[in-house]
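See structure below.
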There are 2 protein chains.
Amino acid sequence: MAAQKRLNREELITTALAVADAEGLDAVTVRRVAQLHDVTPMALYRHFPDKEGLLVALAGRLLGGAVVPEPDDRPWHEQLRDLLSSFVDALRPHPNAALLVFNGMVTTEPGLAVTERALELMAQGGMSVERSAETASQILGSLVALAIAEPGRDLGPDPEANEDAVRAKRATLLALSPRRYPRIVAAADTLAACSDRELYFDRGVDLIVTGIRDAARAEAAAAH
Amino acid sequence: MAAQKRLNREELITTALAVADAEGLDAVTVRRVAQLHDVTPMALYRHFPDKEGLLVALAGRLLGGAVVPEPDDRPWHEQLRDLLSSFVDALRPHPNAALLVFNGMVTTEPGLAVTERALELMAQGGMSVERSAETASQILGSLVALAIAEPGRDLGPDPEANEDAVRAKRATLLALSPRRYPRIVAAADTLAACSDRELYFDRGVDLIVTGIRDAARAEAAAAH
DNA sequence: CACTGTGGTCTACAGCGTACACAGCCGGTC
DNA sequence: GACCGGCTGTGTACGCTGTAGACCACAGTG
C-alpha cells in the first residue's frame, strides 16, 4: 500500500476487498480506499464510474476465483457438484463481499462461464432449457447464502472477538425456555458454530445437488 | 401518515417497511421515516436504540408473517414443505427487506418458532440433533435467497420500469456470443424473468425439501 | 513549440446517523 | 388545585458519506 503515483485499477480492487474482509462491506468507502493509496478520494473516479462500479468490479474479482473444472467422463451430477463446490470455495474466503455476486453473475465474464457450464451439465442430466435456467437462478442464491451465513462467523475483526460473539450467541440460545424451544436449546452448539467447516459446505452443496438430480429425474419421468 | 403527536412503534415499522418495499432498503433512513410522520429524526430514538434496532424490528415484522402450520398426520416432509413455503411466502412480498431476517432468525420470537418447528420435523424424519441444526442453517439462507433473487425483479419502483429492466436484461443476454455461451443465450427468457412465479417458488422449496429428505435417508442408512 | 488527453487535486454540497441539552405534556400524589 | 417526575418530541451540532465541477501537472504527438 505504498505511496505511488499512477494508481492501478486492479490494486484498488484488491485493497477494497481487503477492507471488506477485515471490517465488512460497510467499511469499504471511497475515502478509505483512497487513503490506503495515499490519494484523494476523487482519484478513484478516474478508474470507476462511481462507487457502485467499484463494487461490481469487486464481484468480478470474487467470481474470477471460481475455476470451471474441465469436463470429464464422470456422471453429470458429480461434475456439477465439483463446479458448485468450486464456486462456493471462491466465495468462502470473502463472506462479507459475497453478497455482491448477486449482481455480477450475468454481467461479468467469470460469472457467465460458471452459469454456462452449469446449464450445460443440467442439460446433460436431461433437464429442459427452461427448467435448468430456473434451477440455476434458484441455486445461485443458495450457494451465495451458504458462503455468507456460515454459522460461527459474525462480527469481530480478530478471531478472538469472533469467538466471544459465538460464545455469546450460544449462551443466548441456551438461555431460551426449554419448554418452548426444546430443540433449539438442544442444538445450541451446532446453531452457534458449525463443528466442521468443510463438512458444512460439502453437505450444503450435496443437499442442493441431490435436489437438482431429483428434479431432473422427475422431469424425465413426467415426459415419460 | 397524518400528523399526529405521540408516534407509535408499530406504525414506524410499517412505514419503514413501506419505504423499503417502494424504493429499496437504502431508502430507509432515519430522516425519511421521521419525515413521513411529521416528526424530527431524533424522535425515532425514543422508540429504537438506533437505526440497527429499527431494522431488527423490521426483520421481526417480516418473520411475524410466517405462520407455523399446526402439526397433522401427514408425513414429516410434507409438513416441512408447508412450513418452508409459509416462510418464503412471508418474505416474498418484501424482497428488499428479506435480507434482514438473516440477523433476526434466532433473536426474534417468530424466527425462533419457525426454527423450532423445522428442527422438530427433521427429528421426526430421523435426523440427529446436530445434523438437523446444521441443515437448518443451510436452508435458511436458501429460502431467503429464493425470496430475494426472484428473476425479473430488479430495480424500478413502478411495474413499468421493472418491465423495462427485464427487457434490457433479456436483450443483454441475447447479445452474448452464441459460440461462447450457447446455453445462456438459449435460456435468456427464463433467466431474465421467470414465467410463473408460483411454480418458481414451489419448485425452489421442493428442491430444498428433497435435498433434506435425501440427507435424512443417508444418515439413517449410515447408522444402519 | 503548442495542443490535447489522461489522471490526480481541491473545494464544496447535500445527505447520512446520532450525541447532547432542552422543552412540553402527561399522570400520580399531597 | 398545586406540584412534580418521567416520558417524548425538538434543536443544534458533529463527523461521516458519495460525488459534481473547476483546476492543474504531465506525457505524447503534430
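Remark: P of dC14(D) and CE of M42(B) are 15 Å apart, rounded to the nearest angstrom. The interatomic distance linking L7(B) (CG) with dT10(D) (P) rounds to 8 Å, in whole Å. Computed from coordinates, the L25(A) CG to dG18(D) C1' distance equals 15 Å when rounded to whole Å. Nucleotide dG15(C) holds its P atom 16 Å from the CZ atom of R31(A), rounded to whole Å. The separation between Q35(B) atom CD and dA14(C) atom P is 16 Å, rounded to whole Å. Atom CZ of R32(A) is separated from atom P of dT19(D) by 18 Å (rounded to the nearest Å). Atom CG in D38(A) sits about 13 Å away from atom P in dC10(C), given to the nearest Å. Taking atom NE2 on H37(B) and atom C1' on dT8(D), their separation rounds to 15 Å, with Å as the unit.
No more than 12 heavy-atom neighbours from other residues, nucleotides or ligands sit within 6.0 angstrom of CG on D26(B).
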Which donor-acceptor pairs under 3.5 Å do side chains of residues 40-49 of chain B form with protein atoms, sequence neighbours excluded?
none

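Listed by first and then second residue, the side-chain hydrogen bond (donor to acceptor under 3.5 Å, both in side chains) pairs involving residues 184-193 of chain B are R170(B)-D189(B) (not counting sequence neighbours). For residues 82-105 of chain A, the pairs satisfying salt bridge (Lys or Arg N to Asp or Glu O under 4.0 Å) are R74(A)-D82(A), D89(A)-R92(A), R92(A)-E198(A), with sequence neighbours left out. Pairs passing the side-chain hydrogen bond (donor to acceptor under 3.5 Å, both in side chains) check and including a residue from residues 171-184 of chain A, sequence neighbours excluded, read Y181(A)-E109(B).
Taking 4.0 angstrom as the limit, T29(A) places a side-chain polar atom (N or O) nearer than this to OP1 or OP2 of dT17(D).
For a distance-only test at 3.5 Å, the side chain of R6(A) fails to qualify as a donor-acceptor partner of the base of dG8(C).
Contacts between residues 43-54 of chain A and DNA chain D, counted as heavy-atom distances below 4.0 Å, involve Y45(A), D50(A), K51(A).
By the salt bridge (Lys or Arg N to Asp or Glu O under 4.0 Å) test, E52(A) pairs with no residue at all, sequence neighbours left out.
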